[in-house]
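Residues: numbered from 1 along the sequence shown.
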Amino acid sequence: MSTTAADEQKSQALQQEYNRFKELISELESQLSSVTAQLQEHGIVDNTLSSIEPEKRTGRKCFKMIGGVLVEKSVDEVINILTEEINTLKDQRSKLDEQLTKNRKELESWMKKHNVKVVQGNQ
């Protein structure tokens, strides 16, 4: 194998590894964005329902989408469910944020280790 062929093979391997890192980071960013959007939506609904005076909530019907089906619940039940879901989403967001930070640092150190520099092509 000639030096040029070996260099080309190494270059392709580095490109594939770089692409793998970028795809993983992109996927984590997408998941983080989705969880953040869900968290905002849950927060809006929670704030709206929580703003109803407690004495006016008693017996008041509310509908919650569960597994694609609208289920009748009381306002207080939905507030409790939302609180649990918000806490779960916050945990997910925190874990995704940690993974994203970790993967970005790994990419950075990998790039330094292999002396990889990103070159932007003209478009």
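For the pair E106 and N103, the minimum side-chain heavy-atom distance is below 4.5 Å. Under the 4.5 Å side-chain criterion, counting only non-hydrogen atoms from C-beta, K22 is not in contact with E27. Here the side chains of E53 and K56 are in contact, with some heavy-atom distance below 4.5 Å.
Here M65 sits in one hydrophobic cluster together with F63, L70; the rule is ILVMFWY side chains under 4.5 Å apart, joined directly or through other members.
Under the 4.5 Å side-chain heavy-atom criterion for Ile, Leu, Val, Met, Phe, Trp and Tyr, L28 and W110 are members of the same hydrophobic cluster. Residue L82 is grouped with residue I52 when hydrophobic side chains (ILVMFWY) are merged at heavy-atom distances under 4.5 angstrom, including chains of intermediate members. Both V116 and L24 belong to a common hydrophobic cluster when Ile, Leu, Val, Met, Phe, Trp and Tyr are linked at side-chain heavy-atom distances under 4.5 angstrom.
In this model, no donor atom of one side chain and acceptor atom of the other lie less than 3.5 Å apart for E23 and N19. No side-chain N or O of Q12 forms a donor-acceptor pair with one of Q16 less than 3.5 Å apart.
A donor-acceptor distance shorter than 3.5 angstrom exists from the side chain of T88 to the backbone of E84, with no hydrogens or angles considered. Side chain of S30 to main chain of S26: no donor-acceptor pair is present (N/O by atom type, distance under 3.5 Å, no hydrogens or angles). T36 places a side-chain N or O within donor-acceptor distance of the main-chain N or O of L32, the cut-off being under 3.5 Å. The backbone N or O of L39 sits nowhere less than 3.5 Å from a side-chain atom of R93 that would complete a donor-acceptor pair.
A search for side chain to side chain donor-acceptor pair (under 3.5 Å) contacts involving K95 returns nothing, not counting sequence neighbours.
Looking at R104 and E29, a side-chain N of the basic residue comes within less than 4.0 Å of a carboxylate O on the acidic one, giving a salt bridge. Ionic pairing of E108 and K105 is not present here: no N-O contact between side-chain nitrogen and carboxylate oxygen is shorter than 4.0 angstrom.
Atoms CZ and CD1, from R20 and I25 in turn, are 9.5 Å apart once rounded to the nearest 0.5 Å. Distance check, rounded to the nearest 0.5 Å: NE2 of H114 to OH of Y18 gives 14.0 Å. Taking NE2 of H42 as the reference point, atom CG of N47 lies at 12.5 Å (rounded to 0.5 Å). Atom OG1 in T83 sits 10.0 Å away from atom CG in L49 (nearest 0.5 Å). Atom CD1 in I81 sits 5.0 Å away from atom CD1 in I66 (nearest 0.5 Å). Note that the CZ atom of R57 and the CD1 atom of I79 stand 4.0 Å from one another [nearest 0.5 Å].
For the pair K117 and N115, the tightest heavy-atom approach, listed with the atom from each and the gap, is NZ-OD1, 3.2 Å.
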